[in-house]
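Everything below concerns the one structure shown next.
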Amino acid sequence: MFQRCILLGLYHRLYTAYGPQSWWPARSDFEVIVGAVLTQNTAWTNVEYAIRNLRRERRLSLRAMDGLAHGELARLIRPAGYFNVKARRLKNVCKWLAASGGLSGARRRSTNELREDLLRVNGVGPETADSILLYAFRRPVFVIDIYTRRLLSRFGLIAGDEPYETLRIAIESALAPDHSLFNEYHALIVRHEKEKCGGTRDCRHCQVEQNIE
DNA sequence: TACCAGGAGAAAA
DNA sequence: TTTTCTCATGGT
């Protein structure tokens with residue numbers, strides 16, 4: 001489906017335009033997991049407000065969050081929207097992580113095992129699971145989100161409505177299983193899709209977009 | 001005021 | 001099996 005050289009060419013254009021992104025924007029791996037749930041269908045700025053509340057209340061750890069009542073957790077994450085749904089989902093993830101022996105216990109398991117297990121947690125779909133695997137567990141899994149679909153379809157590489165697994169497997173098959181590359185690539189895609197066109201001759205957005213027609 | 005933003009699951013068709 | 005609906009806040 002994808003040619004390796006085309007995917008790498010696009011990566012290098014993005015990297016040249018924006019440089020290293022050093023993702024995910026979080027202070028700990030547990031915070032990555034929390035952010036992955038909170039950002040579901042939600043602008044990141046709103047997630048930051050919720051993360052700030054959790055940090056202020058010292059609830060950004062597995063034990064502290066697992067010990068919170070639903071209502072209290074929902075109150076803290078309110079700015080991220082869907083707070084009742086997300087509070088339930090966060091508690092589900094906490095239970096899964098605790099049952100896995102915490103982050104260190106989960107790290108001892110294979111990527112496939114972790115992925116299948118994560119997808120069984122109610123509230124964790126493929127995008128959330130893969131974000132957690134890539135950014136919290138540093139596994140070579142490519143995240144397919146709305147930004148990935150938008151960019152690749154604009155470049156004419158996909159139709160845009162392919163099933164999640166079809167795209168993920170196609171991209172992973174075309175590239176070497178390198179978590180650092182997948183991390184940087186996805187972060188660059190998000191950066192590029194959020195970048196506003198500066199309208200100037202050296203606009204970074206236009207540098208990447210040029211000659212795609 | 002209306003629309004949008006890094007999904008996922010349940011219900012309905 | 002596929003489509004539609006629901007969950008909700010903050011920024012523009």
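Letters A, B, ... mirror the listed sequences (proteins, then strands); counts begin at 1.
- The separation between A/Glu195 atom CD and B/dA5 atom P is 17 Å, rounded to whole Å.
- Looking at A/Glu72 and A/Arg59, no side-chain N of the basic residue comes within less than 4.0 Å of a carboxylate O on the acidic one, giving no salt bridge.
- Using a cutoff of 4.0 Å between basic side-chain nitrogens and carboxylate oxygens, A/Asp66 and A/Arg63 are not scored as salt-bridged.
- Inspection of the A/Asn53 and A/Arg56 side chains reveals an N or O donor paired with an N or O acceptor under 3.5 Å.
- In this structure, A/Leu90 places its CG atom 13 Å from C1' of B/dA8, rounding to the nearest Å.
- Under a 4.0 Å N-O distance rule, the pair A/Asp29/A/Arg138 qualifies as a salt bridge.
- The residues A/Arg109 and A/Asp117 are annotated as salt-bridged, a charged nitrogen and a carboxylate oxygen being separated by less than 4.0 angstrom.
- Shown are A/His12, A/His205, A/His192; of these, the ring pair (Phe, Tyr, Trp, His ring centres under 6.0 Å) with A/Tyr18 is made only by A/His192.
- Separating the P atom of C/dC5 from that of B/dC3 is a span of 16 Å, rounded to the nearest Å.
- For the pair A/Leu119 and A/Val190, nearest-nucleotide mapping onto DNA chain B gives the more 5' position to A/Val190.
- Distance check on atom P: B/dG9 versus C/dG10 gives 25 Å, rounded to whole Å.
- Residue A/Arg88 is classed as having no contact, given no heavy-atom separation below 4.0 Å to the nucleic acid.
- To the nearest angstrom, P of B/dG9 lies 12 Å from CD of A/Glu127.
- A gap of 22 Å separates the C1' atoms of C/dT9 and B/dA10, to the nearest Å.
- At a cut-off of 3.5 Å, with distance as the only test, a side-chain donor of A/Thr200 or A/Asp202 sits close to an acceptor on the other residue.
- In the region residues 135-143 of chain A, proximity to DNA chain C at under 4.0 angstrom, judged on heavy atoms, holds for none of the residues.
- Rounding to whole angstrom units, CG of residue A/Leu38 and P of B/dA5 are separated by 19 Å.
- When side chains are defined from C-beta on, A/His179 does not count as touching A/Val141, because their heavy atoms never get closer than 4.5 Å.
- For residues 22-35 of chain A, proximity to DNA chain B is found at A/Trp23, A/Trp24, defined as any non-hydrogen atom under 4.0 angstrom from a strand atom.
- Between A/Arg149 and A/Glu193 there is no salt bridge, since no side-chain N of the basic residue sits under 4.0 Å from a carboxylate O of the acidic one.
- In this structure, A/Ala74 and A/Phe83 approach most closely via the heavy-atom pair O-CB, 3.6 Å.
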Its contact letters, B for base, S for sugar-phosphate only and - for none at protein heavy atoms under 4.0 Å, make nucleotides 5-12 of chain C read --BBBSS-
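- Using a 4.0 Å cut-off, no side-chain N or O of A/Arg120 falls inside it from OP1 or OP2 of B/dG9.
- Counting only distance, with no hydrogens or angles, the side chain of A/Tyr49 and the backbone of A/Ala80 share no donor-acceptor pair below 3.5 Å.
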